[in-house]
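To start, the structure under review is shown below, and the notes come after it.
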Amino acid sequence: MYPLAERSSGPTVRIGHLVEALGGLVDLDVIEGTRATRRGALVRYARSGRLRGLDGVYVESSTALPGETDIAFLGLARRHAPVLTYVRDAYQLFGAYARGQSPWRRLQRAAFRPAMRALGSVSTQLAFPTRGLAVAVLGQRGERAPLLPPGAPPAVDIPCVADADRLLYVGAASLPAHGVDRLLAAVAEARDGGSRIGLDIVCRAGEAPAGERPPWLSVHHLAGDEIHALLPRTVATVIPRPRTAYNDLALPIKLFEYLSYGRPLLVTDCLEQAEVVERAGAGVVSGDGPGQLAAAIGLIAAADVPQRERWEAGARRAAAEASWDLRARSILDILGARA
């Protein structure tokens with residue numbers, strides 16, 4: 001339920017990787033686009049008779065909510081094959097992320113649960129990135145829902161230069177809910193304490209932090225493998241999200257992209273992301289206050305070579321264990337459609 005011409009956001013990055021992985025395992029038809037553009041494509045596909053030859057249907061639902069044609073098409077498809085629908089987000093249920101008071105925004109929030117019920121009625125199963133998100137949407141039934149966390153690209157082998165002294169943050173940096181304001185304060189505090197650490201932010205145009213940029217902050221507009229050019233000077237990647245009810249159950253796609261960079265991760269103690277990093281032994285989990293983040297930055301900066309190598313090995317190992325190929329195979333397993 002997204003246009004895939006460009007991988008310019010978390011959802012399209014995820015879907016692009018899954019299309020590539022699934023296409024290497026099975027014969028794959030892809031219908032994509034906005035609600036308006038996919039309406040005609042769904043009708044044409046239904047009329048083509050190809051539904052009768054399917055072994056399964058996998059759906060990446062949109063936070064913009066499904067349209068009536070989506071629901072009708074999936075109801076028809078379910079007569080011929082199992083339908084697995086992935087619900088990637090539920091920010092409409094959480095005030096810090098459910099922004100805006102326009103009539104459309106209010107309608108989206110009010111329509112979210114009915115839309116999920118409609119998707120559930122035409123799907124064999126609903127899948128989620130985390131157990132917490134599944135329970136938030138489905139209640140106790142979410143305890144039994146299949147989980148499909150984000151995947152990771154193959155790990156890269158790009159060594160640090162000897163005087164590497166940069167942190168790397170990738171993603172929107174203008175919203176308090178993402179915690180970049182806390183990260184900026186933490187870097188400033190660490191530098192006041194004698195650290196040479198700097199910060200690289202990679203974001204889309206219009207998503208940079210507001211205000212004057214200190215000399216130790218650089219903002220880049222890069223995507224995909226272009227980000228690798230920053231890795232030689234990167235000592236750690238950072239997710240500074242504040243600890244909230246929503247952030248406890250969310251699992252950022254960039255967390256798994258970070259694992260593939262082969263650098264230690266510094267993440268706040270939001271439950272799901274902290275568990276990934278701690279289980280992998282891939283970095284440091286910190287409280288979400290600027291002082292706590294500053295202390296964690298100092299811990300990473302002061303780490304000896306063996307410790308850094310353990311963190312880096314943990315990140316690469318976790319990336320391999322969460323590959324997009326394995327995620328694609330999980331989808332086929334849930335659908336009962338073997339490669």
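Please read all numbers here as calculations on a predicted model, not as lab measurements. Residue numbers start at 1 and run along the sequence shown.
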Minimal non-hydrogen separation, Cys270 against Pro242, with atom names: SG-O, 3.5 Å
Considering all heavy atoms, the nearest Ala77-Val57 contact: CB-CG2, 4.1 Å
Hydrophobic cluster identity match, Val135 and Leu249, side-chain contacts under 4.5 Å: no
Electrostatic pair Asp200-Arg166, nearest N-O below 4.0 angstrom: yes
Point-to-point distance, once rounded to the nearest 0.5 Å, from CG of Leu199 to CG of Asp165: 11.5 Å
Asp27 atom CG, over 12 foreign heavy atoms within 6.0 Å: no
Test item: Arg38 side-chain N/O and Ile31 main-chain N/O as donor-acceptor pair under 3.5 Å: no
Minimum heavy-atom distance between Gly283 and Val277, given as atom pair plus value: N-CG1, 3.8 Å
Step-by-step side-chain contact (heavy atoms from CB on, under 4.5 Å) determination, Val170 to Glu257: CA-CA 10 Å; Val170 180; Glu257 298 279 326; over 6 Å; no
Verdict with supporting geometry, Asp325 and Arg329, salt bridge (Lys or Arg N to Asp or Glu O under 4.0 Å): CA-CA 6 Å; Asp325 180 75; Arg329 292 179 185 276; 3.0 Å; yes
Verdict with supporting geometry, Phe256 and His17, side-chain contact (heavy atoms from CB on, under 4.5 Å): CA-CA 12 Å; Phe256 292 82; His17 284 305; over 6 Å; no
Arg50 CZ: over 12 foreign heavy atoms closer than 6.0 Å: no
Donor-acceptor under 3.5 Å (Arg308 side chain, Pro264 main chain): no
Backbone of Leu231 reached by a side-chain donor or acceptor of Arg263 within 3.5 Å: yes
Heavy-atom closest pair, residues Val87 and Leu133: O-CD2, 3.9 Å
Steps toward side-chain contact (heavy atoms from CB on, under 4.5 Å) verdict (Leu265, Val276): CA-CA 10 Å; Leu265 282 77; Val276 171; over 6 Å; no
Verify same cluster id: Val43, Phe73 (apolar side-chain graph, 4.5 Å): no
Smallest separation among heavy atoms of Ala136 and Phe94, with atom names: CB-CZ, 4.4 Å
Separation of Asp70 CG from Leu119 CG (nearest 0.5 Å): 8.0 Å
Reported OG-to-CD1 distance for the pair Ser218 and Ile201, which is rounded to 0.5 angstrom: 9.5 Å
Between CG on residue Leu183 and OH on residue Tyr169, distance to nearest 0.5 Å: 8.5 Å
Short side-chain to backbone donor-acceptor contact, Thr268 and Arg241, under 3.5 Å: yes
Side chain Arg191, main chain Arg196, donor-acceptor under 3.5 Å: yes
Distance-only donor-acceptor check, side chains Tyr2 and Arg14, under 3.5 Å: no
Validation row: Pro149, Arg327 side chains within 4.5 angstrom (heavy atoms): yes
Student check: side-chain heavy atoms of Asp157 and Arg316 closer than 4.5 Å: yes
Linked, directly or transitively: Leu251 and Val238 (ILVMFWY side chains, under 4.5 Å): yes
Closest heavy-atom pair and its distance - Val219, His221: CG1-CE1, 4.1 Å
Pairwise distance CD1(Ile331) to CG(Leu18) - rounded to 0.5 angstrom: 4.5 Å
Any donor-acceptor pair under 3.5 Å from Glu226 side chain to Ala223 backbone: yes
Atom pair CG/CZ of Leu65 and Arg35 - distance to nearest 0.5 Å: 6.5 Å
Heavy-atom donor-acceptor pair, Tyr58 side chain to Ala328 backbone, under 3.5 Å: no
Derivation and outcome, side-chain contact (heavy atoms from CB on, under 4.5 Å), residues Leu167 and Ile197: CA-CA 7 Å; Leu167 301 174; Ile197 202 74; 3.7 Å; yes
Same cluster (ILVMFWY, side-chain, under 4.5 Å), Leu217 and Ile239: yes
Donor-acceptor contact below 3.5 Å, side chain Arg88 vs main chain Thr63: no
Sidechain-backbone polar pair: Arg39 side chain, Glu68 backbone, donor-acceptor under 3.5 Å: no
Single-linkage hydrophobic cluster Leu22~Leu326, side-chain heavy atoms < 4.5 angstrom: no
Any donor-acceptor pair under 3.5 Å from Arg131 side chain to Gly142 backbone: yes
